[in-house]
Amino acid sequence: MSGLPLSKLYKKDGYGDIVLDVIICLLLAVIALVLVFTNTFTCIYVSGESMEPNIWDADYVLIRDKTPTYGDVVVVDASYSYTDDSGNVYTSTNRLIKRVIALGGDTLYLDRGQLYIKYAGEDDFVSVEETYLDSDYNDPSKPVNTFPVNSLGLLDREGHTVADDCMFLMGDNRDISSDSRGRYGDVSVKSLVGVVTDWSLAHIGSVTGWYTFWNKKVPEFFGF
């Protein structure tokens with residue numbers, strides 16, 4: 001028996017063996033796909049409403065390691081400092097999902113919801129059309145839609161200049177988002193966790209459904 005070639009030890013005897021071969025090939029392909037996918041992308045669970053109406057609370061998105069640019073949705077570990085009642089200074093770091101509005105050297109301001117940017121090296125401000133915002137965002141009655149302001153509460157058209165190697169981030173749900181307009185300020189590029197893929201934004205319902213199924217239904221089904 002030890003001298004027989006492998007072809008004589010294993011003989012196909014019908015459709016059952018062919019089906020088995022197909023199943024094995026499919027399983028190997030799925031395993032290879034999962035290994036490539038999980039080493040290229042990271043799945044992020046979204047908690048909060050700051051990116052509505054594009055990303056909703058309890059959605060899943062896929063991120064990957066790439067250099068962020070204007071309009072990208074990014075995940076960052078952003079830090080801010082605060083002082084307690086005893087005068088002690090602490091630093092808190094939170095994981096945020098926001099949109100890149102401006103980069104280092106850019107100067108920007110908001111006027112009643114309209115964004116103006118003077119890009120690094122340029123002399124003049126230009127208005128930016130933010131098609132990702134809710135259509136009723138430009139409401140002049142909402143003071144949060146004007147940034148920055150001077151000490152008199154009036155619009156400061158000198159704007160805010162973003163520090164080098166930093167990003168100015170805002171949530172798409174501007175009226176409730178805590179972002180670079182407030183405690184977080186300019187966020188260092190080094191704090192970047194990843195950039196949300198355009199594919200997962202375009203198919204966010206499918207991505208959310210897939211990960212919800214695998215994270216909840218399958219473990220429950222198997223009794224985990």
Side-chain angles (χ1 to χ4, degrees), residues 42-52 54-59 61 63 65 67-120 125 128 130 132-134 137-196:
T42 302
C43 186
I44 295 291
Y45 175 79
V46 177
S47 177
E49 303 171 346
S50 71
M51 287 301 292
E52 292 180 2
N54 299 299
I55 303 174
W56 298 81
D57 181 49
D59 271 342
V61 292
I63 64 172
D65 183 20
T67 301
T69 189
Y70 301 98
D72 279 346
V73 177
V74 297
V75 176
V76 297
D77 287 331
S79 300
Y80 68 94
S81 298
Y82 63 95
T83 304
D84 65 11
D85 295 337
S86 301
N88 299 311
V89 179
Y90 297 93
T91 299
S92 178
T93 300
N94 295 320
R95 179 155 291 185
L96 308 177
I97 180 168
K98 305 294 178 185
R99 192 177 296 273
V100 177
I101 303 301
L103 299 172
D106 295 338
T107 302
L108 77 157
Y109 70 85
L110 286 170
D111 184 0
R112 293 178 290 276
Q114 180 60 53
L115 172 65
Y116 297 89
I117 296 182
K118 180 169 64 175
Y119 294 102
F125 284 98
V128 178
E130 298 184 279
Y132 40 79
L133 296 180
D134 193 287
Y137 170 71
N138 290 6
D139 184 349
S141 68
K142 298 178 179 179
V144 73
N145 289 348
T146 296
F147 174 87
V149 295
N150 60 24
S151 59
L152 299 177
L154 304 174
L155 181 66
D156 179 7
R157 282 187 167 81
E158 294 298 317
H160 167 78
T161 300
V162 184
D164 291 340
D165 299 318
C166 288
M167 303 173 287
F168 193 93
L169 308 177
M170 288 194 281
D172 291 350
N173 192 356
R174 296 279 164 83
D175 293 333
I176 70 165
S177 177
S178 178
D179 47 43
S180 291
R181 295 170 295 170
R183 61 171 57 167
Y184 295 103
D186 297 340
V187 177
S188 172
V189 175
K190 293 180 180 179
S191 70
L192 181 72
V193 177
V195 176
V196 178

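Because only heavy atoms are used, hydrogens play no part in the values below, and waters and symmetry mates are left out as well, while side chains stay in. Every value quoted in this text rests on a predicted model; they were computed, and no experiment measured them.
Two residues are said to be in side-chain contact when any heavy atoms from C-beta on lie closer than 4.5 Å; Lys98 and Asp172 fail this criterion. Proximity of Val76 to Tyr184: side-chain heavy atoms (C-beta onward) are nowhere separated by under 4.5 Å. Side-chain atoms of Met167 and Val100, non-hydrogen and from C-beta on, do get closer than 4.5 Å to each other. In this structure the side chain of Ile55 reaches within 4.5 angstrom of the side chain of Val61, judged on heavy atoms. In this structure, Val89 and Tyr82 have side chains that are not in contact, with every pair of non-hydrogen atoms separated by 4.5 Å or more. Contact check for Leu108 versus Val162: side-chain heavy atoms found under the 4.5 Å cut-off.
Summarising the geometry of Ser79 relative to Thr91, their closest heavy-atom pair is CB-CG2, 4.0 Å, with the distance given to 0.1 Å. Taking every heavy atom of both residues into account, Gly105 and Asp164 meet most closely at N-OD1, 4.2 Å. The two residues Ala102 and Ile117 make their nearest non-hydrogen contact at CB-CD1, 4.4 Å.
The backbone N or O of Lys190 sits less than 3.5 Å from a side-chain atom of Ser188, completing a donor-acceptor pair. Distance alone, capped at 3.5 Å, is enough to place a donor-acceptor pair between the Asp84 side chain and the Gly87 backbone.
Exactly one residue among Val196, Asn54, Leu169 makes a side chain to side chain contact (heavy atoms under 4.5 Å, CB included) with Val73. That residue is Val196.
The distance from the OH atom of Tyr116 to the CZ atom of Arg157 is 7.5 Å, given to the nearest 0.5 Å. Between Ser177 atom OG and Met51 atom CE the span is 8.0 Å, to the nearest 0.5 Å. Considering SG of Cys166 and CG of Asp106, their distance stands at 12.0 Å, rounded to 0.5 Å. Once rounded to the nearest 0.5 Å, the distance linking CG of Leu133 with CE of Met170 reads 8.0 Å. Expressed to the nearest 0.5 Å, how far CD1 of Ile101 lies from CG of Asp72 amounts to 10.5 Å. Rounded to the nearest 0.5 Å, atoms CG (Asp57) and OG (Ser50) are 9.5 Å apart.
Asp59 and Tyr45 share no side-chain donor-acceptor pair at under 3.5 Å. There is a side-chain donor-acceptor pair under 3.5 Å between Thr161 and Thr107.
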As a quick check of understanding, evaluate side-chain contact (heavy atoms from CB on, under 4.5 Å) for Thr146 and Leu110, giving each step before the final call. CA-CA 5 Å; Thr146 296; Leu110 286 170; 5.5 Å; no
Evaluate the side-chain contact (heavy atoms from CB on, under 4.5 Å) criterion for residues Asp175 and Asn145: first the C-alpha distance (whole Å), next the side-chain angles of each, then the deciding distance (0.1 Å), finally the verdict. CA-CA 7 Å; Asp175 293 333; Asn145 289 348; 3.1 Å; yes
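Note: His160 and Tyr109 fail the aromatic proximity criterion, with ring centroids not under 6.0 Å apart.
Between Glu52 and Arg174, none of the side-chain N atoms (NZ, or NE/NH1/NH2) sits under 4.0 Å from a carboxylate O, so this pair counts as no salt bridge. Salt bridge annotation for Arg95-Asp77: present, with a cationic side-chain nitrogen under 4.0 angstrom from a carboxylate oxygen. At a threshold of 4.0 Å, the pair Asp179-Arg99 does not count as salt-bridged, since none of the basic side-chain nitrogens sits closer than that to a carboxylate oxygen.
In this structure, Phe147 and Phe168 have tilted ring planes: the angle between them lies in the 30° to 60° band.
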